[in-house]
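Contents: one structure, followed by commentary.
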Amino acid sequence: MSDYPRLARQLEALLDSRDWLTNAAQTCAFIMQEIPDLNWAGFYLQRRAETLILGPFQGKPACNPIPFSKGVCGGAARTRQTQRVDDVHSIADHIACDAASRSELVIPIVVDGALWGVLDLDSPRPARFTRDDQTGIEHLVATFIAASDFSG
Ligand code: SME
């Protein structure tokens with residue numbers, strides 16, 4: 001398993017700008033480099049009401065836009081609960097952007113009480129994300145939020 005406390009310290013040191021766009025780009029690049037067995041890592045932002053718009057990411061070109069009513073990402077945005085899916089083929093409204101994806105972790109990002117966006121991680125390995133991975137990656141998202149100014 002990844003050493004998430006170490007990764008959180010490294011990410012905190014990497015995010016030396018307050019700019020959310022720079023920090024989002026750095027965060028998904030860092031995750032893609034440091035966490036094994038991922039084929040996609042990136043952000044979707046709520047830039048229109050109830051709609052997720054593709055933001056900084058690493059991996060193949062992806063689906064855009066995603067309404068809150070659809071997919072695993074939409075579920076995370078709607079419920080504001082992390083979605084951890086062991087087998088994306090078992091989810092009826094999973095949106096397949098990259099056919100290689102088999103499991104998925106989507107973490108909602110709430111800023112000042114509003115759903116700002118989500119961080120979506122995809123893996124080609126079924127059941128890639130354990131509960132401990134979820135906790136560790138939620139901590140990385142908290143590090144990104146704490147480092148960033150979302151007003152501009
Ligand atoms: N699979 C996601 C869509 C985003 S891509 O995986 C990058 C979903 O069902 O919401």
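In each ligand, atom 1 is the first atom listed, and ligand 1 is the first ligand listed.
- Lys70 approaches Arg78 most closely through the heavy-atom pair N-NH1, 4.1 Å.
- In this structure, Phe43 has its ring center closer than 6.0 angstrom to the ring center of Phe144.
- For the pair Gln46/Ile53, no side-chain contact is recorded, criterion being any heavy-atom separation below 4.5 Å from C-beta on.
- Among all non-hydrogen protein atoms, the one lying nearest atom 3 (C) of ligand 1 is Ile95 O, 3.6 Å.
- Under a 4.0 Å N-O distance rule, the pair Arg128/Asp133 qualifies as a salt bridge.
- Proximity of Asp98 to ligand 1, defined as any heavy-atom pair under 4.0 Å, is not found for any part of the residue.
- Neither the backbone nor the side chain of Val106 comes within contact range of ligand 1; no heavy atom lies under 4.0 Å.
- Under the 4.5 Å side-chain criterion, counting only non-hydrogen atoms from C-beta, Trp116 is not in contact with Val110.
- Here CG of Leu119 is found 7.5 Å from CG of Leu105. Values are rounded to the nearest 0.5 Å.
- Interface of Ile66 with ligand 1, defined as ligand atoms under 4.0 Å from a residue heavy atom, comprises 3 (C), 4 (C).
- Between Asp37 and Arg125, at least one side-chain N (NZ, or NE/NH1/NH2) sits under 4.0 Å from a carboxylate O, which counts as a salt bridge.
- Near His94, meaning under 4.0 Å from any of its heavy atoms, are these atoms of ligand 1: 1 (N), 9 (O).
- The part of Cys97 lying near ligand 1 is the side chain, judged by heavy-atom distances below 4.0 Å.
- Contact annotation: for Tyr44 versus ligand 1, heavy atoms closer than 4.0 Å belong to the side chain alone.
- Of the protein's non-hydrogen atoms, the one nearest atom 4 (C) of ligand 1 is Asp120 OD2, 3.3 Å.
- Of the protein's heavy atoms, Glu104 OE2, 3.1 Å lies nearest to atom 2 (C) of ligand 1.
- Where the criterion is an N or O separation shorter than 3.5 Å, residue side chain and backbone included, Val72 meets it with respect to ligand 1.
- On a distance-only criterion, Trp40 and ligand 1 share no N/O pair closer than 3.5 Å.
- The protein heavy-atom contact nearest to atom 10 (O) of ligand 1 is Cys73 N, 2.8 Å.
- Environment of CZ in Arg48: sparse, with no more than 12 heavy atoms of neighbouring residues, nucleotides or ligands closer than 6.0 Å.
- Residue-level proximity to ligand 1 for Asp122 is carried by the side chain, the only part with a heavy atom below 4.0 angstrom.
- Here is the list of ligand 1 atoms found below 4.0 Å of a heavy atom in Gly71: 9 (O), 10 (O).
- Side-chain atoms of Ser103 and Pro126, non-hydrogen and from C-beta on, never get closer than 4.5 Å to each other.
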